[in-house]
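To start, the structure itself, in structure tokens.
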Amino acid sequence: MNAESTDPLGILEGAAPADPSAVTDHDEAALASKLMEQFTEADNARRPQENQWELNHQVLRGNQLVLRNSTTGEVRYLLRDDRKRLLAVNNVLRPTARALHGKLVKNISTWACAPATDDLADMQVSEVEESLLQYHRRRMKFDQKYLKWYKCAVEKGIGIMQLSWDPAEGPVSAQCPECAYVAAKDEGGAGDPCPQCFQEQQQDHDAQQQELQAQQAAMAPDPGLMPGAPPPQLPPPESFDPSGVPKLQDMPEGDASLQCLSPYDFYADSAAADLEEAQWVCRRSPVHISKARKMFPKRAFELAEEGLVSADHSGALFQTGTTGVTRNRLLKHHVFLYEFHE
């Protein structure tokens, strides 16, 4: 991507190539290589689980049937469109799973903030807390995400929710990119100097000028040793130049975010027997190249789109017992974003 491009973040061009002259720190490159090695190990260790997820998903949807010969005990995996096989089979798992999902969606989690004491102040605080939770429940669409989580848990046996702080959400306000100061409405808007940086730099300037005048006064000759000599003339202090004060910019303040993750986008430490014992977890999600460059503006010229980025997973367990998992609906102008958490 050319540094002189009129679309440096790729918002309009989308597929703007990366700058080949961009130099990456060797320590960061070594760390990224080590993380990708751990990710590859976790991906390979999770393949048997993916096969089970796909089998459960296809069976519960009626696209695939699992049969056992009562005489020989042989297990057969039949596809829905296999016309050479008998499909008159009672799929017991499908109605059972639907009934389980129906019971779960009727029990959507709720809460109530109980006051610590009978004091009026504690009761008012509990009301404020409960109102805040209700606000976040509507804003982050808790009920809708609970339904999605229940469906994923029934079909694949696992559901994952991630609660995080998203710096790209929340109300937009004038903030300082240097000290993260959030200016009030009466303190100025975007393009105005940061009040906090202005005050700090002015105080530092005044302190430096006072120290400089003290040094000059100490170096000046004593008028008492020279009768009739005029007192020493010290240079006037330099005025403060506010041109170096950073300007306020319109930036989101950030807010809490709740997301229901797909099990295919969640990876855990392959050396751990249980998730609670895992030393690290990773989330891999497809992100548009323009959004990725806005999230990492300092590395925007190094990011380039990947060729095999997909959002859907589908598969079928064939008669031989092998699983063919295909990832379709390729996404153009996207990259994979890896989030590692210790």
Side-chain angles (χ1 to χ4, degrees), residues 35 38-39 42-43 45-57 60-61 97-114 129-170 252-288 291-292 295 309-315 325 327 329 331 334-342:
L35 292 177
Q38 296 181 355
F39 175 82
D43 187 20
R46 204 190 63 177
R47 293 299 173 87
Q49 297 180 4
E50 290 186 4
N51 298 343
Q52 188 65 39
W53 294 342
E54 290 300 332
L55 176 61
N56 295 342
H57 179 76
L60 295 181
R61 293 209 168 209
R98 288 186 174 181
L100 174 61
H101 182 261
K103 292 182 179 298
L104 290 177
V105 297
K106 295 180 180 179
N107 298 323
I108 296 179
S109 304
T110 184
W111 49 75
C113 298
E129 293 176 347
E130 188 167 357
S131 300
L132 179 61
L133 291 175
Q134 292 293 342
Y135 162 74
H136 284 295
R137 180 173 184 171
R138 295 190 302 269
R139 185 187 66 83
M140 292 190 284
K141 301 178 181 179
F142 280 6
D143 296 353
Q144 180 180 353
K145 294 176 181 178
Y146 275 130
L147 296 178
K148 185 177 180 180
W149 184 88
Y150 286 142
K151 182 179 180 180
C152 184
V154 171
E155 290 186 351
K156 297 181 173 58
I158 183 174
I160 304 173
M161 302 283 281
Q162 181 184 18
L163 179 62
S164 60
W165 181 263
D166 190 353
E169 296 294 335
E253 298 181 5
D255 208 336
S257 174
L258 180 65
Q259 298 179 354
C260 182
L261 306 184
S262 171
Y264 292 101
D265 298 333
F266 183 80
Y267 300 82
D269 185 6
S270 59
D274 189 78
L275 184 60
E276 296 182 355
E277 300 176 359
Q279 298 296 324
W280 60 269
V281 294
C282 174
R283 175 192 176 186
R284 186 182 70 172
S285 55
V287 179
H288 196 274
K291 182 179 179 180
M295 295 172 62
V309 179
S310 60
D312 295 339
H313 301 261
S314 62
V325 179
R327 294 171 173 82
R329 199 165 72 90
L331 303 176
H334 278 68
V335 295
F336 276 126
L337 177 63
Y338 297 83
E339 300 179 19
F340 285 88
H341 302 273
E342 293 185 343

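As a basis for the values below, the full set of heavy atoms in this structure was taken, side chains included, without hydrogen atoms, waters or symmetry mates. Sequence positions, counted from 1, serve as the residue numbers for this chain.
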If I take atom [atom1] from residue [X] and atom [atom2] from residue [Y], how far apart are they, to the nearest 0.5 angstrom?
{"X": "F266", "Y": "L275", "atom1": "CZ", "atom2": "CG", "answer": "5.0 Å"}
{"X": "L147", "Y": "K141", "atom1": "CG", "atom2": "NZ", "answer": "13.0 Å"}
{"X": "S257", "Y": "Q162", "atom1": "OG", "atom2": "CD", "answer": "7.5 Å"}
{"X": "S262", "Y": "K148", "atom1": "OG", "atom2": "NZ", "answer": "8.0 Å"}
{"X": "C260", "Y": "Y150", "atom1": "SG", "atom2": "OH", "answer": "11.0 Å"}
{"X": "M295", "Y": "D166", "atom1": "CE", "atom2": "CG", "answer": "7.5 Å"}

Which heavy atom of [X] sits nearest a heavy atom of [Y], and at what distance?
{"X": "P252", "Y": "G170", "answer": "CB-O, 4.1 Å"}
{"X": "A268", "Y": "A42", "answer": "O-CB, 3.2 Å"}
{"X": "C282", "Y": "Y338", "answer": "SG-CD2, 4.1 Å"}
{"X": "A292", "Y": "V287", "answer": "N-CG1, 3.9 Å"}
{"X": "D265", "Y": "R46", "answer": "N-NH1, 4.4 Å"}

Do [X] and [Y] come close enough that some side-chain heavy atom pair is under 4.5 Å?
{"X": "Y264", "Y": "K156", "result": "yes"}
{"X": "L337", "Y": "K291", "result": "no"}
{"X": "W280", "Y": "L35", "result": "no"}

- F142 vs Y146 aromatic rings, parallel, tilted or perpendicular, using cut-offs 30° and 60°? perpendicular
- Message: If you apply the rule side chain to side chain contact (heavy atoms under 4.5 Å, CB included), what do you find for I160 with R283, and how did you get there?
- Response: CA-CA 11 Å; I160 304 173; R283 175 192 176 186; over 6 Å; no
- Task: Go through R284 and F39 one step at a time and tell me if the side chain to side chain contact (heavy atoms under 4.5 Å, CB included) criterion holds.
- Result: CA-CA 10 Å; R284 186 182 70 172; F39 175 82; 3.8 Å; yes
- Let me see the working for L163 and M161 under side chain to side chain contact (heavy atoms under 4.5 Å, CB included), right down to the final yes or no. CA-CA 7 Å; L163 179 62; M161 302 283 281; over 6 Å; no
- Query: Is it the case that more than 12 heavy atoms not belonging to K145 sit under 6.0 Å from its NZ atom?
  - Reply: yes
- Query: Does a sphere of radius 6.0 Å around CD in Q279 hold more than 12 heavy atoms from other residues, nucleotides or ligands, not counting ones at 6.0 Å or beyond?
  - Reply: no
- Can you list the steps and then say if D255 with M140 is a side chain to side chain contact (heavy atoms under 4.5 Å, CB included)? CA-CA 10 Å; D255 208 336; M140 292 190 284; over 6 Å; no
